[in-house]
Amino acid sequence: MRIILVLLVVLYSGAVFAQSSRPTAIGSKAQAHTQAKGKKGKRAAPPKNEPMVSPDKLLECLSIDDGTKERLDCFDALIAPTAKPKPPKAKSVLDCRFLKEEDERLNCFNGFVEKLPKPKPGK
């Protein structure tokens, strides 16, 4: 009985030390990575190389006639195009800038911006 009790104390104390708040040399990268993600439910800031764009400014571009060069120019002024030979599948409005064809880029922008919530008239 004593042996089991001593064994439990040793195992429990090892578990307590393993859960300390200080990062260990092995787990420091993993812990730093999880801390950088932020708390659940809060949006993390975009990486430094991605532009910050106000949804209100993107919605202003929708007031320009659809399918026109002026609307595309409005979006391009907010999010500068950066053509890639093999653009990734657009997962956000910022990924639309990688599309080379103007029609594809405009359709991509329209698809994401039309889903944004419209601002209330009083604000």
Side-chain angles (χ1 to χ4, degrees):
M1 182 72 174
R2 288 184 196 176
I3 296 174
I4 293 174
L5 185 61
V6 170
L7 189 61
L8 286 174
V9 169
V10 170
L11 290 176
Y12 180 74
S13 63
V16 169
F17 287 118
Q19 295 178 0
S20 68
S21 61
R22 296 180 304 171
T24 60
I26 296 171
S28 61
K29 282 187 178 180
Q31 186 172 2
H33 181 68
T34 55
Q35 287 175 350
K37 284 185 178 180
K39 294 183 179 180
K40 191 174 185 177
K42 290 191 176 185
R43 295 183 118 171
K48 291 181 181 179
N49 59 353
E50 290 190 10
M52 294 283 292
V53 181
S54 168
D56 295 332
K57 291 182 180 180
L58 289 171
L59 287 170
E60 287 176 11
C61 293
L62 287 181
S63 64
I64 301 171
D65 290 333
D66 190 17
T68 61
K69 177 79 170 138
E70 289 80 20
R71 185 183 269 196
L72 181 62
D73 291 341
C74 180
F75 286 127
D76 285 345
L78 297 173
I79 303 172
T82 309
K84 286 189 174 184
K86 291 186 178 181
K89 186 176 184 221
K91 295 180 182 175
S92 74
V93 72
L94 296 176
D95 293 338
C96 296
R97 66 187 163 146
F98 298 126
L99 298 171
K100 184 177 181 180
E101 293 294 322
E102 290 181 353
D103 290 336
E104 289 179 22
R105 199 164 67 244
L106 181 60
N107 289 334
C108 181
F109 281 127
N110 286 338
F112 284 108
V113 177
E114 288 173 352
K115 293 177 185 176
L116 290 174
K118 308 293 186 253
K120 295 182 181 178
K123 292 185 178 181

Original post:
What's the verdict on side-chain contact (heavy atoms from CB on, under 4.5 Å) for Cys61 and Val113, showing C-alpha distance, side-chain angles and the deciding distance?
Top reply: CA-CA 9 Å; Cys61 293; Val113 177; over 6 Å; no
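Arg105 is listed as a side-chain neighbour of Leu72, based on a closest heavy-atom distance under 4.5 Å.
In terms of hydrophobic clustering, with Ile, Leu, Val, Met, Phe, Trp and Tyr side chains grouped at heavy-atom distances under 4.5 Å, Ile79 and Ile64 are assigned to different clusters.
Between Phe112 and Ala90, the shortest heavy-atom contact is CZ-O, 3.7 Å. Shortest non-hydrogen contact noted between Lys84 and Pro88 is CD-CD, 4.4 Å. Smallest separation of non-hydrogen atoms from Arg97 and Ala80: CB-O, 3.4 Å. For Leu59 against Pro117, the heavy-atom pair with the smallest separation is CD1-O, 3.5 Å. Minimum interatomic distance between Phe75 and Leu58 (heavy atoms only, all atoms of both residues): CE2-O, 3.7 Å. Looking at every heavy atom in both residues, Leu62 comes nearest to Arg71 through O-NH2, 2.6 Å.
Tested against Cys108, the residues Asp103, Val93, Leu99 include a single side-chain contact (heavy atoms from CB on, under 4.5 Å) partner, Leu99.
Residue Lys118 places its NZ atom among more than 12 non-hydrogen atoms of other residues, nucleotides or ligands, all under 6.0 Å distant. For Lys69, the NZ atom counts as densely surrounded, since its 6.0 Å shell holds more than 12 non-hydrogen atoms of other residues, nucleotides or ligands.
Once rounded to the nearest 0.5 Å, the distance linking CG of Asp73 with CG of Leu106 reads 10.0 Å.
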